[in-house]
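What follows is a single structure, written as structure tokens, with notes after it.
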Amino acid sequence: MKTALIMAMKEEAKPVISEFGMTRFSLDSKCKWKNEIYESSKYPGFYLILNGSYIKDQNVSKVGTQAACVATFIALELLGAEMIINAGTAGGFASRGNKVGDVFLGKKAFYHDRRVPISKEWQAFARGEYSLHFKKEWFDKYDFLEGFISTGNSLDFVDRDLDLIHEFGAHAKEMEAAAIAEICEENNIPLICIKSITDIVDGGIPTHEEFMANLNKASEELSKHLLKFLGQEILIGEL
Ligand code: SAH
């Protein structure tokens, strides 16, 4: 089954690129989308798509929902992926017992910053609440924590975001999962979300400082889990 792994930042993807033997893959030169795409030499048909970098500063990754949607379009429409995996980092919550390096397999994804208070139906659309793909036995077998993932377009938060995050009962706060889930749901494509905690949202340290300090550790933890899980369940096994 053709499978695409979507990751926002190259830093998060570094261990995956080396461990899966990822080499650059070129789309048709007429194609407008310039995302970095890789194919695994160990598992042909397994792709990695990065969100890409900001046109005005190549050192800045296009984190967030807009670039995540483009990456999902590329996966489905141009590469013909039949399954998507979104892996990356996220903020966790001390109040829920999270610590840096914890790895979550998501069960649902929501938006905490998309609010359309017109009617119940519009609110339901805005909030999202997409089901993610998982099997119960994967949690124990691969040492994943169970969690709900909450998505918004900011690394920091305003009080209303936090209210919604707690109302959803979310465990991991990040910037891409619900957007990818929205497109996958519309197209009937299973999405698996795996997120490694880089920072503790309610821990008192400014998020950007904690994020940068822990990015390498959390990315390595993420790739250890990904390598084992994908190798045994997705890339050679039957789903
Ligand atoms: N500080 C970084 C920018 C990271 S943006 C830099 O300067 O390079 C955050 C990225 O990590 C997003 O892709 C998001 O999905 C994830 N992330 C990690 N912790 C997060 C948090 N607490 N809130 C939102 N997104 C978070």
Side-chain angles (χ1 to χ4, degrees), residues 5-16 35-36 48-72 84-96 98-106 109-114 128 130 132 145 147-166 168 170-182 191-223 225-226:
L5 173 62
I6 297 178
M7 298 183 82
M9 299 176 65
K10 193 158 187 184
E11 291 89 329
E12 291 169 337
K14 268 185 191 150
V16 170
N35 296 52
E36 266 181 48
L48 166 70
I49 309 170
L50 302 179
N51 276 14
S53 42
Y54 180 37
I55 197 155
K56 295 178 185 158
D57 184 340
Q58 297 299 303
N59 293 319
V60 175
S61 297
K62 288 192 285 185
V63 297
T65 58
Q66 296 85 348
C69 288
V70 172
T72 313
I84 306 283
I85 296 150
N86 171 224
T89 56
F93 295 88
S95 53
R96 293 176 175 278
N98 296 161
K99 43 186 198 330
V100 169
D102 281 353
V103 180
F104 280 91
L105 175 63
F110 313 90
Y111 291 107
H112 59 251
D113 70 349
R114 196 168 73 169
Y130 310 104
L132 303 170
L145 296 170
F148 291 170
I149 298 173
S150 196
T151 301
N153 265 317
S154 300
L155 183 66
D156 65 0
F157 56 85
V158 294
D159 288 348
R160 187 76 185 115
D161 295 340
L162 263 202
D163 291 347
L164 290 177
I165 287 172
H166 291 312
F168 295 149
H171 302 81
K173 170 182 176 287
E174 52 76 86
M175 299 174 66
E176 292 86 17
I180 299 171
E182 184 173 354
L191 168 65
I192 296 171
C193 266
I194 300 173
K195 299 281 161 169
S196 169
I197 301 300
T198 33
D199 52 273
I200 300 298
V201 177
D202 52 359
I205 305 175
T207 301
H208 62 280
E209 283 177 22
E210 212 181 2
F211 178 91
M212 292 317 283
N214 296 324
L215 182 57
N216 287 344
K217 178 184 171 198
S219 301
E220 271 161 31
E221 208 49 53
L222 180 66
S223 93
H225 278 74
L226 271 178

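Just follow the structure's listing: the first ligand is 1, and inside any ligand the first atom is 1.
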Exercise. Between E176 and ligand 1, does any nitrogen or oxygen pair lie at a separation below 3.5 Å?
Worked result: yes
Problem set entry | ligand 1 atoms in contact with T207 (distance to a heavy atom under 4.0 Å) | 22 (N)
For this session: For atom 8 (O) of ligand 1, find the nearest protein heavy atom and state the residue, atom name and distance (0.1 Å precision).
Result: M9 CE, 3.8 Å
Problem set entry | Side chains of N153 and T65, donor plus acceptor under 3.5 Å | yes
Seminar exercise, completed: Check: of V63, I165, I200, min heavy-atom distance to atom 5 (S) of ligand 1 comes from V63
For this session: Please confirm whether T89 comes within less than 3.5 Å of ligand 1 when only nitrogen or oxygen atoms on both sides are compared.
Result: yes
For this session: May I ask which of F93, F211, F157 has a heavy atom nearer to atom 1 (N) of ligand 1 than the others do?
Result: F211
Exercise. Does M175 reach ligand 1 with a nitrogen or oxygen that is under 3.5 Å from one of the ligand's nitrogen or oxygen atoms?
Worked result: yes
Problem set entry | Residue-ligand contact G88/ligand 1, heavy atom below 4.0 Å | no
Exercise. In terms of atom number and element, which parts of ligand 1 are under 4.0 angstrom from non-hydrogen atoms of D199?
Worked result: 18 (C), 19 (N), 20 (C), 21 (C), 22 (N)
Problem set entry | G91, any N or O under 3.5 Å of ligand 1 N or O | yes
Problem set entry | Selection from M7, K173, K195, E210 by shortest heavy-atom distance to atom 24 (C) of ligand 1 | K173
Exercise. Based purely on interatomic distance, does E174 place a nitrogen or oxygen under 3.5 Å from a nitrogen or oxygen of ligand 1?
Worked result: no
Problem set entry | Test item, S154 contacting ligand 1 (heavy atom, 4.0 angstrom) | yes
For this session: Would you kindly specify which portion of E11 sits under 4.0 Å from ligand 1, judged on non-hydrogen atoms: side chain, backbone, both or neither?
Result: neither
